[in-house]
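Below: the structure, in structure tokens.
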There are 2 protein chains.
Amino acid sequence: MQGSMEPTEPTSEPSPGLVSAAIQAITQHIRAEGLAPGDPLPSEAAMTRQLNVSRTVVREAFRSLSAMRLIDMSAGRRATVAKLDTGAMSMVIEHGITTQQISVQQVYDVRRTIEMRTVALAALRRTDAEAAAIASSARLMRENFTNPEAVMEHDIAFHEAIAAASHNPVFSLIVTAFSGVTRRTWVIGWRTRSSDEAQLKMIKGHEDIADAILKGDPRLAAEHMAEHFDKSVKALIDAGIA
Amino acid sequence: MQGSMEPTEPTSEPSPGLVSAAIQAITQHIRAEGLAPGDPLPSEAAMTRQLNVSRTVVREAFRSLSAMRLIDMSAGRRATVAKLDTGAMSMVIEHGITTQQISVQQVYDVRRTIEMRTVALAALRRTDAEAAAIASSARLMRENFTNPEAVMEHDIAFHEAIAAASHNPVFSLIVTAFSGVTRRTWVIGWRTRSSDEAQLKMIKGHEDIADAILKGDPRLAAEHMAEHFDKSVKALIDAGIA
DNA sequence: TCCTTAAAATCTGTATGACAGGTTGTTGTC
DNA sequence: GACAACAACCTGTCATACAGATTTTAAGGA
């Protein structure tokens, strides 16, 4: 049963490659069956029979979806539908940066645009627990301020917590996808704030944002966020980031 | 040379699975060599030797990156670094929608946030050709207004053209990633505009945006865009979209 | 010498078979 | 009825084979 000898559909085959077809078949199966995260998918063997292709093809399809984090795979178990994850988006952004198709500044412009909105939404919709988590990240930035690495991680957590408090997972998805870029450039911005004073002022900015969210004042929160981004971008430009 | 018999690195193996390791090796190769779009990657055979794993593993890694559109593959040719493409992002968004982890309204909120910015940037940065392309899409909407399918495609092209005119590929990436969702819900909004008058008014809104961009007035352009989105969201809510 | 063309080497696409190891369902015993 | 051993199923990885596409090399002629 060599693949090219028995074209299952001699008429219309728009996408080139059996793997692409298999990927589509799997995603369509999810849609057609109305599967939810955690629900199991057909086994590779079943898919092999259904599509009448080799296991190689089916496996490459499953693996591709797994790489995009649309499904979860593990040995012995069937693949399951995955919860929303930022994996694929992160990789696309990283790819764009490393191949110099997008610049760090362009990412920051998008981040600013989005986070001006998430911070306003967070001020309006945050639960008490979310407000506490945001404030906590800001506090941890101050407490660890002699350890840049730690400050950075709490900074990233701070922005992700705000996105989560916006109660729109698409915002969370995008903000989180940018975290990788932030990890790669954050230190540069930090170094331009040479004095302790400048560094503490930057941390103060985060506390102001957290306070505004706690108070439920979207306009004030957005103002502080704008200021924060303007200074961050300025720091990057001063450091000569293209 | 059975895989599990000769652990190449008996000490630290953080990521579970050889395929993940291979994916990382490839992306790191791109970074380390400073490859640009179009540049060729090592052959599968070369990668197989370098990583000391089977071709199966290497192939699944390549295929995964291809599915995310980070690399281009075709028979006989070596894989090459891909230009920035929205493929993976679209699939993530689609997945979120079909598994009901995100709602259409949430996508529209993100679109509104982003396109309020792209339209302003487009007004400031558009070339004459870009302004013409945007206006052309609006005109084609009017000319084909008895054919909903055609109107939709020109509508989508309109928004993507604005994103392109923002001269920030990250915006283009995100806006384009949402086009799939738009294709799946657009008709619903169109139907709520039952009269020709209502439909033509909606098209007029697009022309107003195009004019503002042509005039180079970011504030006016953003105002028209806001109005457009508010009406679109209202139309979806009227139609009972969750 | 240079151009053309045919053969060889290389590469990807797909299929098949094999086996290790994990997971789940079944059965049989106590 | 509880528990343990076993069988069935499933994924992870490897090896091999071959078709078809592409690139490289070599040969031959102008």
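Per chain, numbering begins at 1; letters A, B, ... match sequence-line order.
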Taking only heavy atoms on the protein side, list every residue of residues 56-76 of chain A lying under 4.0 Å from any atom of DNA chain C, sorted numerically. A/Thr56, A/Val57, A/Ala75, A/Gly76
What residues from residues 41-48 of chain A pass a heavy-atom cutoff of under 4.0 Å to DNA chain C? none
Atom pair distance, as rounded to whole Å: [atom1] in [X] and [atom2] in [N]:
X       : N      : atom1 : atom2 : answer
A/Ile23 : C/dT14 : CD1   : P     : 11 Å
A/Arg78 : C/dG25 : CZ    : C1'   : 13 Å
B/Arg55 : C/dT12 : CZ    : P     : 7 Å
B/Leu18 : D/dT11 : CG    : P     : 18 Å

Thinking salt bridges, do A/Lys83 and A/Asp72 make one under a 4.0 Å N-O criterion? no
Are B/Glu94 and B/Arg184 close enough for a salt bridge, meaning some N to O gap below 4.0 Å? yes
Taking all non-hydrogen atoms of both residues, which atom of B/Leu84 and which atom of A/Gly96 are closest, and how far apart? CD1-CA, 3.7 Å
Could you check A/Val81 against B/His95 for side chain to side chain contact (heavy atoms under 4.5 Å, CB included), going step by step and ending with a plain yes or no? CA-CA 9 Å; A/Val81 176; B/His95 181 255; 3.6 Å; yes
A/Arg77: partners by salt bridge (Lys or Arg N to Asp or Glu O under 4.0 Å), with sequence neighbours left out: none
How about B/Glu143: does its CD atom have over 12 heavy atoms from other parts shown lying under 6.0 Å from it? yes
Near B/Arg31 CZ, under 6.0 Å, is it more than 12 heavy atoms from other residues, nucleotides or ligands? yes
For the residue pair A/His206 and A/His159, is the inter-centroid distance of their aromatic rings smaller than 6.0 Å? yes
List in numerical order all residues of residues 27-38 of chain B for which some heavy atom is under 4.0 Å away from an atom belonging to DNA chain D. none
May I ask you to check whether [X] and [Y] show a side-chain donor-acceptor distance below 3.5 Å?
X        : Y        : result
A/Gln106 : B/His167 : no
A/Gln105 : A/Ser103 : no
A/Thr182 : A/Arg111 : yes

Just N and O in the side chain of A/Ser54: are any of them under 4.0 Å from OP1 or OP2 of C/dT14? no
Report yes if some heavy atom in the side chain of B/Phe229 is under 4.5 Å from a heavy atom in the side chain of B/Asp109; otherwise report no. no
Symbol by symbol from the 5' end, with Watson-Crick or G-U pairs under 3.5 Å, [ ] crossing and | another strand, DNA chain C is ||||||||||||||||||||||||||||||
Going by salt bridge (charged side-chain N to carboxylate O under 4.0 Å, His left out), name the pairs with one or both residues in residues 151-175 of chain B, residues two or more places apart or in two chains. B/Glu153-B/Arg183
